[in-house]
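See structure below.
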Amino acid sequence: MSLKNRNLISINDFSKEEHLHVLDIAAEFEANPRQPILTDRVVATLFFEPSTRTRLSFESAANQLGARIIGFSDASNSSVQKGETLHDTITMVSSYADLIVMRHPREGSSRYASEVAKVPVINAGDGANQHPTQCLLDLYSIRKTQGRLDNLNVAFVGDLKYGRTVHSLTHALCQFNTTFHLVSPEALKLPSAVKQDIKDHKLEYYQYTDLQEVLSKVDIVYMTRVQRERFADPMEYERVKNACILTGSMLHDCKDNMKILHPLPRVNEITTDVDKTPYAYYFQQAQNGVYVRQALIALILGAKA
Ligand code: CP
């Protein structure tokens, strides 16, 4: 098993053993975050779509490893604005950096970039498709809070149609005998291709529209934002945007071990009174992203094995 020079485009690009290995290395970084083992390397972060956590945690991770960072957080400041193609942008950047981290609104763009680039590419989110590094930090957060990944009841709540973090995490959790509880309005149900993966693994899933129904049954509640930017019809967004809101008063009869995750940013789907409860884990989850991204950069650039 070696992740050296590998691309990470889909969560399925790595095996279960490789996912667990990334989590183990991330735990080492959590215990000892400042390890300048990549002082001679350059990491490019190309964000064609807005981000706070993913870009900054990748850059924090690269900094703590001693690597240099180049890139852009707004493609309108790059030559994309002059009409440069993704092909040409990636060709150029892959001669300036040892690793490319890329977010792009188009599904499949990261896979395409990996076919063009001479250096490894990490997908930091491609449209509504996948967000594999978020998935790994979600797995890390689940294992850390529950002490295991196997045999858990996990609720996914909100925009299961466009939420790329849900798609990646569902695929990953299929390897751990998960029971899935899917809470969403009818218009935002999990796509059938993702549900098929659950069926192929002979696992159970249950669908709900009422969030309260699942809160006492599950170990993890994975909340998501309704992805306004993916809706073709703004009226449709208005119709569903408040369908699944978690408030503090709903958190009675929960299991003691239950934790609430959210990839963030949140809009209104978790009210702020939840933040002070022992169930809230979303800010620590985002912090875990630094350790997981340190592990990925170090493994892919060969500084860890
Ligand atoms: N979780 C996540 O992808 O957040 P950002 O959009 O802020 O990167």
Side-chain angles (χ1 to χ4, degrees), residues 2-15 18-19 22 38 41-62 65 67-137 162-169 171-172 193 227 229-230 263 289 292-303:
S2 172
L3 299 184
K4 189 174 178 186
N5 292 327
R6 297 263 296 274
N7 299 303
L8 176 57
I9 307 301
S10 158
I11 194 64
N12 296 327
D13 289 345
F14 290 2
S15 67
E18 288 167 339
H19 294 157
V22 173
L38 287 172
R41 309 307 279 275
V42 177
V43 174
T45 54
L46 309 184
F47 279 69
F48 296 81
E49 218 185 31
S51 168
T52 297
R53 276 146 293 276
T54 309
R55 184 175 67 81
L56 294 180
S57 63
F58 260 115
E59 295 186 357
S60 174
L65 294 166
R68 305 298 171 96
I69 299 149
I70 60 170
F72 51 78
S73 58
D74 179 355
S76 68
N77 289 330
S78 77
S79 287
V80 171
Q81 189 64 16
K82 302 176 202 162
E84 185 164 58
T85 62
L86 183 60
H87 175 279
D88 290 359
T89 302
I90 295 299
T91 301
M92 291 317 309
V93 175
S94 71
S95 63
Y96 302 150
D98 300 293
L99 171 68
I100 295 174
V101 177
M102 185 178 106
R103 171 172 289 186
H104 197 284
R106 209 164 56 234
E107 293 183 25
S109 51
S110 295
R111 181 72 68 197
Y112 176 70
S114 72
E115 287 161 6
V116 172
K118 292 179 292 195
V119 298
V121 174
I122 296 179
N123 178 9
D126 63 327
N129 185 33
Q130 286 249 343
H131 194 347
T133 67
Q134 176 72 43
C135 177
L136 287 161
L137 79 88
Y162 297 118
R164 57 193 173 199
T165 64
V166 171
H167 304 163
S168 295
L169 188 55
H171 289 306
Q227 310 259 306
E229 64 275 28
R230 315 266 179 236
V292 168
R293 289 172 175 130
Q294 280 182 286
L296 284 168
I297 294 170
L299 287 162
I300 290 173
L301 289 180

remark   = Residues His104 and Ser109: closest non-hydrogen pair is CB-OG, 3.1 Å
Any side-chain heavy-atom pair of Arg293 and Thr54 under 4.5 Å = yes
query = In a check of side-chain hydrogen bond (donor to acceptor under 3.5 Å, both in side chains) between Arg111 and each of Asp13, Asn123, Asp126, which one passes?
reply = Asp13
note = The reported gap from NE2 in His19 to SG in Cys135 (rounded to nearest 0.5 angstrom) is 6.5 Å
request  = Could you check if a side-chain atom of His167 sits within less than 4.5 angstrom of a side-chain atom of Asn129, using non-hydrogen atoms only?
outcome  = no
note = For Glu107 and Gly127, the nearest pair of non-hydrogen atoms, with its separation, is CG-CA, 4.2 Å
inquiry  = Apply side-chain contact (heavy atoms from CB on, under 4.5 Å) to residues Thr91 and Val116 and explain how you reach the verdict.
reply    = CA-CA 6 Å; Thr91 301; Val116 172; 3.4 Å; yes
key: Sub-4.5 Å side-chain heavy-atom contact between Asp98 and Val42   = yes
note = Nearest heavy-atom contact between Ala124 and Val101 is CB-CG1, 3.8 Å
inquiry  = So Phe14 and Leu296, do their side chains get closer than 4.5 Å, heavy atoms only?
reply    = yes
query = Take atom CZ in Arg53; do more than 12 heavy atoms of anything else shown fall under 6.0 Å from it?
reply = yes
query = Using 30° and 60° as the class limits, which term best fits the ring planes of Phe48 and Phe72: parallel, tilted or perpendicular?
reply = perpendicular
ask   = Between Ser60 and Ser57, is there a donor-acceptor pair closer than 3.5 Å when you use the side chain of the first and the backbone of the second?
value = no
Distance, nearest 0.5 Å, that separates CD1 of Ile90 from OG of Ser95 = 11.0 Å
query = With a 4.5 Å heavy-atom cut-off, do Thr52 and Leu56 have their side chains touching?
reply = yes
task = For the pair Glu49 and Arg230, find out whether any cationic side-chain nitrogen is under 4.0 Å from an anionic carboxylate oxygen.
result = yes
Closest non-hydrogen atom pair between Leu46 and Gly71, with its separation = CD2-CA, 4.1 Å
query = Are any of the side-chain heavy atoms of Leu301 and Leu65 separated by less than 4.5 Å?
reply = no
message = Evaluate Arg41 against Leu99 for side-chain contact (heavy atoms from CB on, under 4.5 Å), listing each step before the verdict.
response = CA-CA 9 Å; Arg41 309 307 279 275; Leu99 171 68; over 6 Å; no
key: Straight-line distance of Ser51 OG to Asp74 CG, nearest 0.5 Å   = 12.5 Å
message = Measuring from atom NE2 of His131 to atom OG of Ser10, what distance do you get when rounded to the nearest 0.5 angstrom?
response = 13.5 Å
query = Distance from Ile70 atom CD1 to Ile100 atom CD1, nearest 0.5 Å?
reply = 8.5 Å
inquiry  = Using side-chain heavy atoms (C-beta onward) and a distance below 4.5 Å, is Ser168 in contact with Gln134?
reply    = no
key: Shortest non-hydrogen contact between Ser94 and Lys118, atoms and distance   = OG-N, 3.4 Å
ask   = Roughly how far, to the nearest 0.5 Å, is the CG atom of Leu8 from the CG atom of Leu299?
value = 11.0 Å
inquiry  = For a quick test of reading the model, state the closest non-hydrogen atom pair linking Asn7 to Pro120 and the distance between them.
reply    = OD1-CA, 3.4 Å
query = Looking at side-chain heavy atoms only, is the closest gap between Ile11 and Gln130 below 4.5 Å?
reply = yes
request  = Using side-chain hydrogen bond (donor to acceptor under 3.5 Å, both in side chains) as the criterion, point out the one residue from Arg103, Glu59, Arg55 that pairs with Thr45.
outcome  = Glu59
Scan the side chains in residues 81-88 for donor-acceptor partners under 3.5 Å anywhere in the protein, sequence neighbours excluded, and list what turns up.
from: Lys82; atom 1: NZ; to: Ser79; atom 2: OG; distance (Å): 3.3
from: Glu84; atom 1: OE1; to: Thr89; atom 2: OG1; distance (Å): 3.3
from: Thr85; atom 1: OG1; to: Asp88; atom 2: N; distance (Å): 3.1

